[in-house]
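Working notes, structure below.
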Amino acid sequence: MDFRSLGRILGILVTIFSVTMIPPALVSLYFKDGDGLAFTLAFFICLIIGFAFWLPNRKAKADLKAREGFLIVVLFWTVLGAVGAVPFLISNSVEMSTADAFFESFSGLTTTGATVLSGLDELPKALLFYRQQLQWFGGMGIIVLAVAILPLLGVGGMQLYRAETPGPVKDSKMTPRIADTAQYLWYIYLSLTVACGLAYYLAGMTWFDAICHSFSTIAIGGFSTHDASMGYFDSAAINLICVVFLLISGVNFALHHAFVVTRSLGMYWRDPELRGFLAIQGVLVLTCFLVLFGDRVYGSVGTTIDQALFQAVSISTTAGFTTTDFAAWPLFLPILLMFSSFIGGCAGSTGGGIKVIRILLMNLQGMRELKRLVHPKAIYSIRLGQKPVSERVMDAVWGFFAAYALVFVVIMLALMGSGMEEVSAFSATAAMLNNLGPGLGEVALHYGEVADSSKWLLIIAMLFGRLEVFTLLVLLTPTFWRN
């Protein structure tokens, strides 16, 4: 393990991250909210930390291997999450404990969208902008952005990309060079953000709110600049725009890249994962509408459609925006929506959860086992669309599911052991591991009342969810550290 090369890369990445403190400082200068000094100090603190990693290791330029790739990804997210907490700790506008500051920073960076803050409407614009910006960078994985830059600094990036990119199959590249891949992904990501921001502005948001909410929408993050989240705007048009861009962001970005290259919409429909994703969304929306309409929760059909569509898509894609207290909805709807977050978005999207592709493959495997019970000697292959799926991929999918279930149970039991009641512990674990945000019970609105020990557990759950369990678990195996 070449720790000096890892230190050099980590120093470069933290130094690059220090630049993200400048936009909030400029926002503070524009709005004169008095929080600019905190971000200016944070910029220099990040710069010093980056140089402290880079300077002693600046001549170490060995190529990254797969093991170093996994380690640098985990180190980067933990170090960056810690560094990202600096503005929350030194800002005079909020009084936050270390656990609160780390929770807010990791929640933003992992696009979880859970918050310990209340009274958002009264907070300085700079701090609000910084929270949204954290989600935007975390949405596509700030490491993918760094991968586009690192080759210019003499560091190959394919190992980082494979460790960071979500999905069951990580060995394929959309372009021959990983730097080109990362750049194309960010061009698409940036274009969607601009389009979303313009749509929000034209629908009635201020420029500030439009930019901030476009960051968290495309990142499928869920942070808002208002305590009431999207419900603050009370606009069906804004809700619809949010739904459209959440669905677009929940699609595999490789499909968006292929569309940009081929200009063919047909390739979207030919993708079995996308068809499954849209089918799941349709069933959820229809179920929510029928229950809400049957119980006369809202006064009109239009309002019922609006609320059912928005909340079903927002929760199931793991965004976590709200327009109402969905935890108070009748019958099984709150639990249904929480369970829908386990599925999440497509592989290669900014959504969280297990991912639609894994759910489809596990379903196909289950169907195959049922057929084998009837015809024990028959040979059945699993095909996704027209493509056969290898047994290696199926083993990886089931391995992921087993690891995911184990981590879920351990964290939920640990939360209950720290004093959290059962429903809150279950929903908080689901919300963190699926990078969703809002939960049920005592964590339905925010996590400010949660004990500090529980917050540290939830931070670990966020990292497991963002790094898709295996990337973090592999570091705990003796084989990883053995030469």
Side-chain angles (χ1 to χ4, degrees), residues 111-114 196 199 203 213 216-224 228-251 273-346 349-356 359-360 426-427 430-431 433-440 443-445:
T111 72
T112 302
C196 183
H213 285 87
S216 54
T217 301
I218 301 304
I220 310 189
F223 271 165
S224 177
S229 191
M230 287 295 186
Y232 172 86
F233 303 102
D234 192 22
S235 168
I238 287 175
N239 291 348
L240 183 59
I241 290 168
C242 184
V243 166
V244 169
F245 280 97
L246 285 179
L247 291 174
I248 292 173
S249 301
V251 174
E273 185 185 23
L274 178 55
R275 295 199 302 270
F277 174 66
L278 295 177
I280 291 167
Q281 299 301 316
V283 170
L284 285 171
V285 171
L286 181 60
T287 303
C288 289
F289 170 77
L290 291 176
V291 174
L292 293 175
F293 183 73
D295 280 38
R296 299 290 190 271
V297 176
Y298 298 102
S300 68
V301 174
T303 304
T304 305
I305 293 174
D306 176 39
Q307 294 295 329
L309 176 65
F310 183 87
Q311 289 304 150
V313 172
S314 176
I315 301 301
S316 63
T317 58
T318 74
F321 288 119
T322 58
T323 53
T324 185
D325 182 13
F326 77 93
W329 277 3
L331 301 179
F332 57 86
L333 289 186
I335 298 297
L336 173 68
L337 292 180
M338 288 301 300
F339 273 115
S340 72
S341 71
F342 283 82
I343 301 174
C346 299
S349 73
T350 55
I354 294 174
K355 301 296 187 297
V356 174
I359 300 298
L360 291 178
F426 168 80
S427 64
L433 203 54
N434 296 326
N435 300 129
L436 167 62
L440 304 174
V443 295
L445 297 178

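In this chain, residues are counted from 1 in sequence order. As the structure is a prediction and not an experimental result, all values here were calculated from the model.
A heavy-atom distance below 4.5 Å is not found between the side chains of Ile280 and Phe277. Residues Leu247 and Val251 form no side-chain contact, since every pair of their non-hydrogen atoms from C-beta on lies 4.5 Å or further apart. Side-chain contact between Leu337 and Trp329 is present, with heavy atoms from C-beta onward closer than 4.5 Å. Side chains of Ile354 and Ile359 form a contact here, defined as non-hydrogen atoms less than 4.5 Å apart. A heavy-atom distance below 4.5 Å is found between the side chains of Leu440 and Ile335. Taking 4.5 Å as the limit, some side-chain heavy atom of Leu292 sits within range of a side-chain heavy atom of Pro330. Thr217 is listed as a side-chain neighbour of Met230, based on a closest heavy-atom distance under 4.5 Å. A heavy-atom distance below 4.5 Å is not found between the side chains of Thr350 and Thr111.
Of all non-hydrogen atoms in Cys196 and Ile218, the two that sit nearest each other are CB-CD1, 4.0 Å. Across all non-hydrogen atoms, the minimal contact from Ala319 to Leu246 is CB-CD2, 3.6 Å. Closest of all the heavy-atom pairs between Ser229 and Ser224 is CA-OG, 3.5 Å. In terms of heavy-atom proximity, Ile238 sits nearest to Ala203 at CG1-CB, 3.7 Å. Taking each heavy atom of Phe342 and Ala430 in turn, the nearest pair found is CZ-CB, 3.7 Å. Ala199 approaches Ile241 most closely through the heavy-atom pair O-CD1, 3.3 Å.
Between the OG1 atom in Thr317 and the CG atom in Leu284 there is a gap of 10.5 Å [rounded to 0.5 Å]. Residue Cys288 holds its SG atom at 11.0 Å from CD of Gln307, rounded to the nearest 0.5 Å. For the atom pair CG of Leu290 and OG1 of Thr304, the computed distance is 10.5 Å after rounding to the nearest 0.5 Å. To the nearest 0.5 Å, atoms OG1 (Thr318) and CG (Leu436) are separated by 6.5 Å. For the atom pair CG (Asn239) and CG (Asp234), the distance works out to 8.5 Å, reported to the nearest 0.5 Å. In this structure, the separation between OG on Ser341 and CD1 on Ile315 is 7.5 Å, given to the nearest 0.5 Å.
Counting only distance, with no hydrogens or angles, the side chain of Ser314 and the backbone of Gln311 share no donor-acceptor pair below 3.5 Å. Judged purely by atom type and a 3.5 angstrom limit, Ser427 has no side-chain atom pairing as donor or acceptor with the backbone of Gly439. Between the side chain of Thr303 and the backbone N or O of Ser300 there is no donor-acceptor pair closer than 3.5 Å.
At most 12 non-hydrogen atoms from other residues, nucleotides or ligands lie less than 6.0 angstrom from CG of Leu445. Counting non-hydrogen atoms of neighbouring residues, nucleotides and ligands closer than 6.0 angstrom, the CG atom of Asp325 exceeds 12 such neighbours.
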Query - Candidate pair Phe332 and Val291, rule side chain to side chain contact (heavy atoms under 4.5 Å, CB included), full reasoning - result: CA-CA 9 Å; Phe332 57 86; Val291 174; 4.1 Å; yes
Report task. Would you please test Leu333 and Leu336 for side chain to side chain contact (heavy atoms under 4.5 Å, CB included) and show each step? Result -> CA-CA 5 Å; Leu333 289 186; Leu336 173 68; 4.2 Å; yes
Report task. Determine, step by step, whether Met338 and Asn434 satisfy the side chain to side chain contact (heavy atoms under 4.5 Å, CB included) criterion, reporting the C-alpha distance in whole Å, the side-chain angles of both residues, the deciding distance to 0.1 Å, and the verdict. Result -> CA-CA 10 Å; Met338 288 301 300; Asn434 296 326; over 6 Å; no
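Remark: Arg296 is positioned above the aromatic ring of Phe293, its terminal NZ or CZ atom under 6.0 angstrom from the ring centre and at most 45 degrees off the axis.
Separation of the His213 and Tyr232 ring centroids does not fall under the 6.0 Å cut-off. In this structure, Phe326 has its ring center no closer than 6.0 Å to that of Phe321.
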